Amino acid sequence: MPELPEVETVRAGLAGRVVGRRVATAEVLHPRAVRRQPGGAAELVARVAGRTVAAAVRRGKYLWLNLGEPGEPGELTEHDLPQEALVAHLGMSGQLLVQEPDGSRRHDADAAAFVADGPARDLTATLPPTLVRTVPLSTAHLRVRLTFDDGGQLWFVDQRTFGHVLVAGTVPTADGGPGGHGSAAPVLPAPVAHIARDLLDPALDRAALVRRTRARRTEVKRALLDQTLVSGVGNIYADEALWRARLHGSRPTDRLSPARVRELLDAATDVMREALAVGGTSFDALYVDVEGAAGYFGRSLNAYGREGLPCPRCGRPIRREQFMNRSSFSCPGCQRRARA
DNA sequence: AAAGGGACCTGGCTGC
DNA sequence: TGCAGCCAGGTCCCTT
């Protein structure tokens with residue numbers, strides 16, 4: 001499942017491949033993929049055609065392509081504020097794939113390889129053009145296709161159709177900082193304005209986040225998953241962060257000390273940084289059947305998907321519980337429930 | 001107003 | 001073997 005590290009891997013790939021290219025045409029092959037687009041498919045096609053991609057930006061699990069003004073291809077500079085963006089959310093199973101005019105296919109796995117081996121793991125670095133790998137690819141779930149002037153294409157592929165794309169206008173950020181990772185412009189698409197900054201965002205006010213978290217009257221896992229509080233964390237990284245911080249997800253946020261909240265946020269930050277360093281492999285979890293969720297994030301998962309397996313810290317079998325209609329994995333020894 | 005729960009999806013897997 | 005039912009979960013929307 002794409003959470004922050006996976007979406008960032010995709011964003012880095014787009015930054016290296018589609019920025020600077022001009023969209024010639026767009027096709028919507030499944031209406032549900034554009035269900036959040038006012039005006040529907042026709043509107044999206046009309047608003048994206050003729051626009052040049054100025055930047056690939058991400059906040060949490062949302063990513064977007066800033067669009068240059070129509071009729072002025074490539075004229076949008078870093079000093080201009082983008083007025084519109086093509087927004088994408090991958091949902092559960094979405095992928096953004098670049099197909100080159102010569103028929104070669106580029107996949108986000110390329111970006112993963114680069115992030116893993118790249119110099120200083122610089123997230124802003126563009127990808128070397130030599131890094132091209134052909135991967136098997138199915139058009140069975142192709143939902144939206146952009147074709148660039150040079151014949152290259154950007155595909156939005158999504159099996160479970162929880163993802164979506166739309167073109168939207170931008171609004172200023174609430175704090176005046178950059179809208180997201182990948183652009184310094186202090187704007188972000190209106191449909192993303194309610195999404196909080198994520199844990200890898202340099203403009204994140206961590207002290208304020210600790211205060212806001214403790215002000216919530218809810219369970220701590222629910223808070224971690226609330227994208228309006230802090231973004232980018234999904235079910236998998238939430239469980240891993242809670243395990244590292246030795247907290248059970250049901251603990252009330254307002255009874256945690258500031259130090260404990262900081263510890264948890266640091267754990268979530270660390271686990272996502274580590275996943276990003278190996279490119280995030282959660283897409284494979286859908287297709288690879290190895291010991292439940294094993295195969296995802298390699299050997300690094302300590303709790304998620306490990307029901308019955310020994311806790312790497314204390315050896316007690318990891319337990320599985322239902323929470324928010326999802327599975328939660330935790331160690332009964334290291335992660336004690338809150339007292340009643 | 002904040003918090004919590006259900007709906008939306010598809011395909012692989014399980015069990016009868 | 002076939003098939004019904006379960007399960008995965010991110011986000012929006014509605015109710016309380």
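Computed from a predicted structure; not experimentally measured.
Look at Lys221(A) and Asp239(A) and you find a salt bridge, because one of the NZ, NE, NH1 or NH2 atoms lies within 4.0 Å of a carboxylate O, short of that distance.
For Arg160(A), no side-chain nitrogen or oxygen approaches OP1 or OP2 of dG10(C) to under 4.0 Å. For Gln227(A), no side-chain nitrogen or oxygen approaches OP1 or OP2 of dG10(C) to under 4.0 Å. Using a 4.0 Å cut-off, no side-chain N or O of Asn235(A) falls inside it from OP1 or OP2 of dG10(C). Put simply, His141(A) has no side-chain N or O that comes within less than 4.0 Å of OP1 or OP2 on dC9(B). Considering only side-chain N and O atoms, Thr218(A) lies nowhere under 4.0 angstrom from the phosphate OP1 or OP2 of dA2(B).
Put simply, CD on Gln95(A) is 16 Å from P on dG10(C), counting in whole angstrom units. The distance from atom CG of Leu225(A) to atom C1' of dG5(B) is 14 Å, rounded to the nearest whole Å. The distance between atom NE2 of His164(A) and atom P of dT11(C), rounded to the nearest whole Å, is 9 Å. Here dG4(B) presents its P atom at 10 Å from CZ of Arg217(A), a figure rounded to the nearest Å. Rounded to whole Å, atom P of dC8(B) lies 17 Å from atom CG of Asp158(A). Gln322(A) places its CD atom 9 Å from the C1' atom of dC7(C), with the value rounded to the nearest Å. Residue Arg59(A) contributes atom CZ, which lies 19 Å from atom P of dG10(C) at whole-angstrom precision. Remark: C1' of dT11(C) and CZ of Arg36(A) are 8 Å apart, rounded to the nearest angstrom.
For Phe162(A), counting side-chain heavy atoms from C-beta on, the closest listed nucleotide (dC8(B), dT11(C), dG11(B)) is dC8(B). The Arg222(A) side chain lies nearest to dG4(B) when the options are dG4(B), dG11(B), dC12(C).
Along DNA chain B, the nucleotide nearest Ala215(A) and the nucleotide nearest His30(A) are compared for position; the residue whose nucleotide lies closer to the 5' end is Ala215(A).
Heavy atoms of Tyr62(A) sit under 4.0 angstrom from primed sugar atoms or phosphate atoms, though from no base atom. Across all strands shown, His194(A) has heavy atoms under 4.0 Å from sugar-phosphate atoms exclusively, and none from any base.
Proximity of His89(A) to Phe162(A): side-chain heavy atoms (C-beta onward) are nowhere separated by under 4.5 Å.
Arg260(A) contributes atom CZ, which lies 14.0 Å from atom CZ of Arg255(A) (distance to the nearest 0.5 angstrom).
Of the candidates Asp150(A), Thr52(A), Asp149(A), Arg22(A) forms a side-chain hydrogen bond (donor to acceptor under 3.5 Å, both in side chains) with just one, namely Asp149(A). Just one residue in the list Asp201(A), Asp198(A), Asp266(A) forms a salt bridge (charged side-chain N to carboxylate O under 4.0 Å, His left out) with Arg206(A), and that residue is Asp266(A).
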